[in-house]
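Basis for what follows: all heavy atoms, side chains included, without hydrogens, waters or symmetry-related copies. Keep in mind that this is a model prediction, so the values were computed, not measured.
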Amino acid sequence: MVSWFQLLGGAAVAEFLLLAVVGVSLADPETIAFAGVVAVATAWSTWRRSLLPLLVRALVFADVAIFMTPAAAANLAAREQVGAVLP
């Protein structure tokens, strides 16, 4: 049985990997910084269970979702292809 803590940890690792790949492939320092914050918060919550790293990861996830959702909607409205944002 998977616990909520393990599920959140898996989601954090997936978020880190996605942010790191996008940040490196687009050479975007802000995305790389967010990946670093997620990595530190994930390591912190693994080392010592606390509410603060969970809140940090939730804020990073919300920030990414708030900025990416309108961008994705605009791309869909303009009928952009999926690979339009790739270098």
For residues 1-18, which side-chain donor-acceptor pairs fall under 3.5 Å, sequence neighbours excluded?
from, atom 1, to, atom 2, distance (Å)
S3, OG, Q6, N, 3.2
Q6, OE1, S3, N, 3.0

Taking only distance into account, with no hydrogens and no angle test, what donor-acceptor pairs under 3.5 Å do side-chain atoms of residues 46-66 form with protein atoms, sequence neighbours excluded?
from, atom 1, to, atom 2, distance (Å)
T46, OG1, T42, O, 2.9
S50, OG, L52, N, 3.4
R57, NH1, S45, OG, 2.9

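Here the shortest heavy-atom pairing between L19 and A35 reads CB-CB, 3.8 Å.
Criterion: ILVMFWY side-chain heavy atoms under 4.5 Å apart, direct or through other members. Under it, F67 and F34 are not part of a common hydrophobic cluster.
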